[in-house]
Amino acid sequence: MEVRTVGIVGAGQMGNGIAHVFALAGYDVLLNDISEDGLKQALVTIGRNLDRQVSRGKVTAELRAEAMARIRTTMKLSEIGPLDLIIEAATERETVKQAIFDDLAPHLKPHTILTSNTSSISITRLASRTDRPEKFMGLHFMNPVPVMQLVELIRGIATDQATWDTMHAVVARLGKTAASAEDFPAFIVNRILIPMINEAVYTLYEGVGNVKSIDQALKLGANHPMGPLELADFIGLDTCLAIMNVLYDGLADSKYRPCPLLTKYVEAGWLGRKTQRGFYDYRGEVPVPTR
Ligand SMILES: NC(=O)c1ccc[n+]([C@@H]2O[C@H](COP(=O)([O-])OP(=O)(O)OC[C@H]3O[C@@H](n4cnc5c(N)ncnc54)[C@H](O)[C@@H]3O)[C@@H](O)[C@H]2O)c1
């Protein structure tokens, strides 16, 4: 099946990045969110990120204009339903995602493929509530989407080969590389990455190091391009906590228990870059460690 039209539900940091790469690859994109401000902000962010690519010579001004013209926004989920491919990229909460797929159900075309950009939630469980588990799979982009090369393709227990093949071709057209993962909690990347971040938060919580020393240690000592706490702020601390909870519940192993300090930051609403404060405070000229 050839995909031409793409609906993206959730216009946050992932949704706007996904819209950006699909529009650049020539797909018609309809972006949805429950927040009108969120949709406006998403278009501003996409424009700014495309400008950066133009100034670096990665995209021509003509291509930028074409891509922007291919992105439309809507607050009506019913307009997303009839498109060829739907990518759910809303908040990492199972009840939110389930409600979106329930609300989409009456508007879908028979051929519509459903995907979720979830970082950790069971694809098989999300799919089981829809009328098309064979046309449902995980399409997990990395942050920031326009920069990161990998897309994890996650096969639910019922995902059929035609759907997988279609999505593999879509990822190739985006110029990205697919990695295939089975549907177990947090798949491959986050199964490994988020417990490492959680361990960095424990290291902070137990006073082994402060924010600066922990990040510096991993950058200079393990050759990581970003420190784990800096990376946590970038991902969003609410998302990191949600993923730890999925691992803890889904694998029933105490080694995945979320660090209480991570929970405390989330309870404070200090979610990282998106709220201007997390393990660093981003409100000034340079990020300042908060511990
Ligand atoms: N942040 C990351 O590094 C990262 C990486 C890969 C995947 N993901 C996954 O992508 C998804 C989105 O994460 P994000 O970082 O963009 O979060 P975010 O908080 O930046 O954005 C979430 C967006 O979803 C919208 N939303 C909430 N409920 C909605 C609904 N019912 N209908 C439409 N929109 C709704 C919110 O208004 C918000 O704009 C999550 O499933 C997350 O796990 C995140």
Side-chain angles (χ1 to χ4, degrees), residues 7-21 30-46 49 73-81 86-105 107 114-123 125-126 137-154 176 179 181 185-194 196-197 226 228-247 250 266 269-276 278:
I8 300 164
V9 184
Q13 52 180 350
M14 293 306 291
N16 78 57
I18 296 168
H20 174 140
V21 297
L30 188 55
L31 188 56
N32 162 270
D33 204 287
I34 44 169
S35 152
E36 199 166 356
D37 273 359
L39 285 173
K40 282 192 191 133
Q41 188 51 48
L43 289 179
V44 171
T45 304
I46 295 168
N49 289 340
T73 61
T74 179
M75 289 188 66
K76 290 191 196 133
L77 210 50
S78 55
E79 292 180 3
I80 296 277
I86 297 176
I87 304 166
E88 174 281 310
T91 310
E92 185 73 350
R93 204 171 309 131
E94 191 158 343
T95 49
V96 170
K97 295 184 185 293
Q98 274 173 357
I100 289 169
F101 289 116
D102 287 351
D103 292 348
L104 277 168
H107 309 288
L114 295 176
T115 65
S116 173
N117 183 51
T118 177
S119 303
S120 60
I121 296 167
S122 167
I123 295 301
R125 205 162 57 232
L126 287 175
M137 60 185 284
L139 184 68
H140 182 220
F141 287 86
M142 309 293 133
N143 187 16
V145 182
V147 176
M148 299 295 280
Q149 186 59 29
L150 187 80
V151 182
E152 267 182 297
L153 288 182
I154 301 120
K176 299 201 181 283
F187 323 123
I188 297 174
V189 174
N190 286 329
R191 168 80 177 260
I192 298 167
L193 180 65
I194 304 296
M196 185 204 72
I197 286 175
M226 285 173 101
L229 300 172
E230 198 186 346
L231 180 58
D233 275 358
F234 192 69
I235 294 169
L237 304 191
D238 52 340
T239 300
C240 292
L241 179 61
I243 297 169
M244 283 313 296
N245 280 323
V246 168
L247 283 166
V266 173
W270 294 13
L271 307 182
R273 278 184 180 270
K274 64 184 168 188
T275 58
Q276 300 247 300

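Start at 1 and go down the list; that is how both ligands and their atoms are numbered.
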Proximal atoms of ligand 1 relative to Val96 (non-hydrogen, under 4.0 Å): 28 (N)
Option with minimal heavy-atom separation from atom 26 (N) of ligand 1, where the choices are Ala90, Cys240, Ala242, Ser116: Ala90
Any Asn143 side-chain heavy atom under 4.5 Å of Met148 side chain: no
Protein contact to atom 27 (C) of ligand 1 [nearest heavy atom, distance to 0.1 Å]: Thr91 OG1, 3.2 Å
Nitrogen or oxygen of Thr239 less than 3.5 angstrom from that of ligand 1: no
Glu88, Met14, Arg273: member with heavy atom nearest to atom 44 (C) of ligand 1: Met14
Distance from atom 6 (C) of ligand 1 to nearest protein heavy atom, with residue and atom: Phe141 O, 3.0 Å
Shortest protein contact, atom 38 (C) of ligand 1 (heavy atom only): Asp33 OD2, 3.5 Å
Nitrogen or oxygen atoms of Lys274 and ligand 1 under 3.5 Å apart: yes
Euclidean distance, Ser35 OG relative to Met75 CE, rounded to 0.5 Å: 6.5 Å
Heavy atom of the protein closest to atom 33 (C) of ligand 1 (residue, atom name, distance): Asn32 OD1, 3.5 Å
Name of the residue among Thr118, Leu114, Thr115 meeting side chain to side chain contact (heavy atoms under 4.5 Å, CB included) with Leu139: Thr115
Whether Glu92 side chain and Ser120 backbone form a donor-acceptor pair below 3.5 Å: yes
Enumerated ligand 1 atoms positioned under 4.0 Å from heavy atoms of Asn143: 1 (N), 2 (C), 3 (O)
Which residue and heavy atom of the protein sit nearest atom 10 (O) of ligand 1, plus the separation: Asn117 ND2, 2.9 Å
Partner of Thr74 by side chain to side chain contact (heavy atoms under 4.5 Å, CB included), out of Asn32, Asp33, Leu39: Asn32
Met142 CE to Gln149 CD distance, which is reported to the nearest 0.5 Å: 11.5 Å
Location of contacts on Lys97 toward ligand 1, heavy atoms closer than 4.0 Å: side chain
Nearest-contact summary for atom 41 (O) of ligand 1 - protein heavy atom, Å: Glu92 OE1, 2.5 Å
Top protein contact for atom 20 (O) of ligand 1, by heavy-atom distance: Gln13 N, 3.1 Å
Interfacing atoms of ligand 1 (cut-off 4.0 Å, heavy-atom, Thr118): 41 (O)
Residue portion contacting ligand 1 (non-hydrogen atoms closer than 4.0 Å) for Ile100: side chain
Proximal candidate to atom 43 (O) of ligand 1 [heavy atom criterion; set Ser119, Ala89, Ser120]: Ser119
Reported CG-to-CD distance for the pair Asn245 and Glu94, which is rounded to 0.5 angstrom: 12.5 Å
Within reach of ligand 1, part of Val9 (heavy-atom separation under 4.0 Å): side chain
Gly10: numbered ligand 1 atoms lying under 4.0 Å from its heavy atoms: 24 (O), 34 (N)
Enumerated ligand 1 atoms positioned under 4.0 Å from heavy atoms of His140: 6 (C), 7 (C)
Taking atom 21 (O) of ligand 1 as the reference point, the nearest protein heavy atom with its distance: Gly12 CA, 3.3 Å
Salt bridge (charged side-chain N to carboxylate O under 4.0 Å, His left out) assessment of Asp233 paired with Lys274: CA-CA 8 Å; Asp233 275 358; Lys274 64 184 168 188; over 6 Å; no
